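Input: a single structure, listed below in structure tokens.
All values reported here derive from a predicted model rather than from experimental measurement. Note that these values count all heavy atoms, side chains included, but never hydrogens, waters or copies made by symmetry.
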Amino acid sequence: MGGVESRGVLRKISDMLEVILKRMDSLSKLDNSTTSDTRRLDELSSAINRFQPAGLVERIQAIAQNVSNMAVRVEQILQNSMAAGRAVRDGSSGQCEVPRDPRYPDCPGKVDWMRARWTSDPCYAFYGVDGSDCSFLIYLSEVEWFCPPLAWRNHSSPPTVHTHTHQTTTTKRQAAFRTDLSSLLDQVGTGKESLSFMKRRMRRLASQWGTAAQRLHAKLRQRWREQKKILVHVGFLTEESGDVFSPKVLKGGPLGEMVQWADILTALHVLGHNLKISMSVKELQGFLGVPPGRGSCPLTGPLPFDLIYTDYHGMQQMKQHMGLSLKRHKCHIRVIDTFGTEPAYNHEDYATLHGYRTNWGYWNLNSRQYMTMFPHTPDNSFMGFVSEELNDTEKRSIMQNKVNNMAVVYGKEASMWKLQQGKEGFLQILHRYMEVHGTVYYETQRPPEVPAYVKNHGLLPQHELQTLLRKAKLFIGFGFPYEGPAPLEAIANGCIYLQPKFHPPHSSLNHEFFRGKPTSREVSSQHPYAEQYIGRPHVMTVDYNNSQEFDSAIREIMSTEVEPYLPYEYTCEGMLERVHAYIQHQDFCAPEVPFPPANSSSSKLGLSSPGSPGPQFVLLPNSSALTWAPDASAPDAWPPLSSLRLLASQEGQSCVEACQRANLVCESALFRFVNNKDALRGLEVQCEVVEAEVNHVFPAFSVLRRECSLQKDPLLYSCAGHSPKYRRLCPCRDYRRGQVALCRDCL
């Protein structure tokens with residue numbers, strides 16, 4: 001049967017089936033007609049049921065789908081036939097044999113895939129694919145990169161056939177600090193309460209950002225800073241992700257993510273970078289140059305940005321719409337990640353094999369591409385946010401006007417106050433000593449969960465909340481939410497923050513909130529940063545189940561005077577300094593040469609021979625830590641090797657903990673310099689064999705078995721990993737006072 005006849009028959013069958021379905025659909029709609037039709041409809045339905053086999057509609061629909069699939073396949077065959085005819089006519093058919101090139105081993109398989117599936121996404125036709133092998137090979141060699149370039153093609157043009165949207169340029173421009181936020185506010189847009197909240201925050205802190213920019217400009221002494229092209233795609237606020245946050249802004253919902261994104265946008269703008277902001281998938285597609293279709297094809301041109309800041313929702317959206325381009329360009333991406341992602345969860349294959357696979361993580365990024373709200377995961381980069389900074393006059397005024405017996409409870413949602421969760425006991429003790437205030441959202445009636453003795457102000461605008469905090473002596477947490485910005489704001493306004501200690505610590509192993517998050521981090525209190533980095537007298541962490549300990553803490557707070565306190569890293573200047581350093585120094589696209597290459601075969605661990613160069617590591621005075629030898633060659637690195645302090649952990653201890661014990665920070669960027677025999681030798685480790693393996697605990701050694709293990713896969717360099725069988729090699733570093741993210745020489 002010829003092509004025209006076959007298509008005609010298929011079309012007739014399809015039309016007949018469509019008529020049957022329409023008539024049955026019209027019968028079903030009679031149910032919504034007038035009451036007088038009801039009896040006739042019942043009679044008709046009964047008659048139909050007497051001769052209609054069960055599932056007739058489903059069968060007809062299945063037949064229609066099969067016919068539709070056949071029609072598509074016939075269309076493909078016909079198009080292939082016509083394309084082959086064109087190839088014969090224009091003389092290119094002999095030039096389009098599928099190559100067997102060992103440098104392109106995937107090429108034949110990709111051509112087979114294209115033959116079967118090229119009509120599955122309109123983007124292939126957009127790039128000129130027409131069903132012929134020639135068009136497949138052109139696409140797979142010039143748009144994608146699975147096949148070798150065709151000798152008879154003109155290769156003077158760019159590799160991608162459609163490059164009209166954006167072009168990258170090698171011309172570097174200098175970034176200049178900005179103090180005017182008006183263009184940024186215009187870019188953020190309108191139409192959502194979340195965006196209005198972010199813009200209000202930007203306006204309120206505008207003068208502090210301006211002052212911070214002037215201070216950092218003076219500190220950098222007019223050092224040349226490259227202006228970057230940056231896309232910020234706020235995935236969790238897109239309609240496509242469901243955006244559950246915007247409707248809750250005025251109802252006591254979580255604001256921490258919006259606080260952080262507002263501050264990230266402001267910091268990037270103030271630092272003088274060329275910024276584009278996307279709040280929808282459509283905007284994302286336009287900025288990136290996504291071809292029309294279902295996301296199977298690469299972008300239409302070179303990536304038009306140096307950096308892309310997004311979140312996990314944005315990563316999923318880019319995966320859906322960027323095709324192979326995501327893999328090629330993912331080194332440019334920075335993922336804003338509140339609770340952190342550890343390397344064992346980030347490595348897709350390793351996570352799948354060893355039980356670390358979750359709904360998040362598994363992106364195979366450099367672990368420092370994840371950026372956290374607090375510096376709790378040294379494997380990641382610490383992005384942070386800002387709190388309002390007070391001048392000396394404001395601080396004195398606050399201290400003079402504090403109400404010594406006034407407490408404000410941290411909890412805007414009524415569900416956080418449920419007394420059956422064990423809160424009644426410590427709230428009664430608190431009420432015995434202090435006047436208790438709440439800021440719990442309600443619409444018409446007082447929330448029944450809030451005890452009658454609590455003075456509830458309802459949900460307050462930010463400036464009214466600050467006024468309340470400036471009067472209060474105590475800001476008390478219930479244990480949830482975890483690691484939010486509010487405790488830092490309270491401490492900055494002169495409150496003492498009281499929070500519960502968790503026995504045992506909460507983690508993904510024992511607590512529903514953390515289950516499924518890509519981290520095994522143990523959370524010892526509601527706000528570990530406040531506990532570890534601020535501490536007494538500003539922060540008190542006690543066991544709320546011990547009424548005597550809680551009672552004692554309240555009495556101590558009432559007799560303690562504190563000044564408003566804000567860590568430097570949470571000031572506008574601190575955040576600008578940190579983000580500036582990341583942008584200018586972190587480069588995950590340049591290939592990283594191992595130093596030295598890990599020896600993947602077993603070998604004896606011998607000492608340096610007399611004629612060999614001196615050791616790379618030397619012992620620090622009055623310390624068990626090693627540092628880079630002054631006379632050893634120091635490769636370019638950031639953080640620089642001058643900051644490195646090499647330690648061995650105890651069995652079962654992570655490098656996070658080992659470095660903290662020494663008042664240092666684990667630095668995953670420096671693992672590659674200690675993943676070698678010289679580091680083991682410097683620590684005087686006795687090993688009979690040294691092997692390189694894939695394990696997130698390595699580099700490490702076993703004292704009992706006299707075995708040393710180096711890391712084979714750099715993606716698994718992990719500060720967080722620990723094992724009772726091993727002592728780990730830990731690359732710690734120093735840090736700047738008030739700025740844990742940066743070493744002393746990092747600026």
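In this structure, cysteines C666 and C732 have SG atoms that are not closer than 2.5 angstrom.
In this structure, K229 forms no cation-pi arrangement with F305, as its terminal cationic atom is not both closer than 6.0 Å to the ring centre and no more than 45° off the ring axis. In this structure, R334 fails the cation-pi test against Y582, since its NZ or CZ atom is not both closer than 6.0 Å to the six-membered ring centre and inside 45 degrees of the ring normal. In this structure, R357 is positioned above the aromatic face of Y362, its NZ or CZ under 6.0 Å from the six-membered ring centre and within 45° of the axis.
Rounded to the nearest 0.5 angstrom, K319 NZ and K330 NZ are separated by 10.5 Å. Note that the CG atom of N510 and the CZ atom of R515 stand 7.5 Å from one another [nearest 0.5 Å]. Summarising the geometry, atom CZ belonging to R645 is positioned 4.0 Å from atom OG1 belonging to T627; distances are rounded to the nearest 0.5 Å. Distance OG/S520 to NE2/H696: 7.0 Å, rounded to 0.5 Å. Note that CZ of F701 is 6.5 Å distant from CG of L683, once rounded to the nearest 0.5 Å. To the nearest 0.5 angstrom, M373 atom CE is 10.5 Å from D337 atom CG.
Checked against a 6.0 Å centroid threshold, the rings of Y309 and H233 do not count as neighbours. Ring to ring, Y717 and F698 are not that close: their centroids are 6.0 angstrom or more apart. The ring of Y482 has its center closer than 6.0 angstrom to the ring center of F480. Ring to ring, F374 and F382 are not that close: their centroids are 6.0 angstrom or more apart.
Listed for the S325 side chain is a donor-acceptor partner under 3.5 Å among the backbone atoms of L299. Proximity of a side-chain donor or acceptor of H347 to a complementary backbone N or O of Y350 within less than 3.5 Å is detected. The backbone N or O of P639 sits nowhere less than 3.5 Å from a side-chain atom of E667 that would complete a donor-acceptor pair. A donor-acceptor pair is defined here as one N or O able to donate and one able to accept, closer than 3.5 Å; no such pair exists between the side chain of R706 and the backbone of Q686.
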Determine whether K219 and E573 satisfy the following criterion, salt bridge (charged side-chain N to carboxylate O under 4.0 Å, His left out), listing intermediate values before the conclusion. CA-CA 10 Å; K219 184 184 291 186; E573 183 183 350; 3.2 Å; yes
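With salt bridges taken as basic N to acidic carboxylate O contacts below 4.0 Å, none links E531 and R536.
Within the 4.5 Å cutoff, side-chain heavy atoms of Q260 are placed close to those of I336.
In the model, Y735 has a side-chain atom that pairs as donor or acceptor with a side-chain atom of N663 under 3.5 Å. Checked by atom type, the side-chain pair Q499/T541 shows a donor-acceptor distance below 3.5 Å.
Counted within 6.0 Å of NE2 on H722, heavy atoms from surrounding residues, nucleotides or ligands total 12 or fewer; the atom is thus considered open.
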